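Everything quoted here is computed from the prediction, not taken from an experiment. Values below: every heavy atom of this structure, side chains too, minus hydrogens, waters and symmetry copies.
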Amino acid sequence: MKIRVGHLYPDYLNIYADRGNIAVLARRAALRGHDLEVEAVSMGDALRPDAYDLLYVGGGQDREQALVAVDLAAKAGPVHEAVAAGVAVLAVCGGYQLLGSFYRDRDGTELPGIGVFPLHTIAGERRMIGDVLLDCAWAAQTIAGFENHAGRTKLDAGATPLGRVVAGFGNDGESGDEGCRVERAVGTYLHGPLLPRNPWLADWLLAQALAHASGGEPPELTPLPDQLEAEAHAVATARARARGGRF
């Protein structure tokens with residue numbers, strides 16, 4: 001089956017090796033006989049809500065976020081339509097912030113968000129950097145990744161985090177939450193990139209995208225021999241635990 005991916009602003013939001021997430025999705029899809037068809041959607045491009053099974057947006061510095069924020073706001077309607085129709089979404093770091101309600105930088109300049117995730121972000125003085133470990137009880141799994149952000153992201157009341165912080169800072173260094181989930185959309189600060197060391201999450205996203213492509217339920221994917229991925233996860237987990245639990 002063909003999985004259609006819309007990669008938002010790959011020419012602007014592309015730091016922290018976030019392109020590696022696309023490579024992981026493509027490889028894991030191909031090993032199951034599926035074809036990942038990736039289309040760049042950038043400044044001035046139309047976004048058709050029925051054209052994709054998965055949307056991906058990576059991270060960028062404040063300058064790049066400011067450049068794309070207004071253009072992304074113009075795409076808010078189609079993105080919301082896509083999410084409501086069951087399109088999967090992965091938003092990382094700066095992309096995660098812009099899919100919230102707004103991002104306010106240290107100078108007080110406020111960038112519009114598109115409100116896919118019920119949250120807002122305000123930049124702090126101190127960057128939150130290091131390995132992170134999350135407990136994702138909803139999937140009976142853990143996520144290991146790397147964070148590097150000054151933004152303090154606050155979830156709205158009743159919002160669902162991606163996971164609870166075992167070690168690291170997470171959304172704001174206070175709440176113990178990291179990331180956010182809405183329908184088949186996932187937002188997170190974790191990169192490095194995220195998916196190579198967390199193959200279960202890559203497969204969850206693929207299953208959600210396949211469900212949208214087929215109009216059915218998320219399929220059970222054939223297990224893959226993930227020895228290297230498991231070792232990478234274990235190393236990242238050990239580094240995060242060495243920082244000490246914060247919550």
| request: Specify whether Tyr189 and Tyr96 have parallel, tilted or perpendicular ring planes, treating 30° as the upper limit for parallel and 60° as the lower limit for perpendicular. | output: perpendicular
| request: Go through the side-chain N and O atoms of Glu178 and Thr188 and say whether any donor and acceptor fall under 3.5 Å apart. | output: yes
| query | For Ala139, does its backbone N or O pair with a side-chain atom of Trp200 as donor and acceptor, under 3.5 Å? | reply | no
| Any residue meeting salt bridge (Lys or Arg N to Asp or Glu O under 4.0 Å) with Asp135, in chain and number order, not counting sequence neighbours | none
| Does any N or O in the side chain of Asp107 come within less than 3.5 Å of the main-chain N or O of Thr109, such that one atom is a donor and the other an acceptor? | no
| remark: Sequence neighbours excluded, the answer for salt bridge (Lys or Arg N to Asp or Glu O under 4.0 Å) partners of Arg106 is none
| message | Can a side-chain donor-acceptor contact be found between His7 and Ser42 if the only test is distance below 3.5 angstrom? | response | no
| query | Can you tell me if Arg184 uses its side chain to pair, donor with acceptor, with the backbone of Gly86 under 3.5 Å? | reply | yes
| note | The salt bridge (Lys or Arg N to Asp or Glu O under 4.0 Å) partners of Asp71 (sequence neighbours excluded) come to Lys75
| task | Would you check if the side chain of His120 reaches a backbone N or O of Arg152 as a donor-acceptor pair within less than 3.5 Å? | result | no
| field | Leu162 to Leu134 - nearest heavy-atom pair and separation | value | CD2-CD1, 4.4 Å
| The single option from Leu72, Leu67, Asn14 passing side-chain contact (heavy atoms from CB on, under 4.5 Å) against Tyr9 | Leu72
| said: With a 3.5 Å distance limit and no angle check, can you tell me whether Arg127 reaches the backbone of Asn148 through a side-chain donor-acceptor pair? | reply: yes
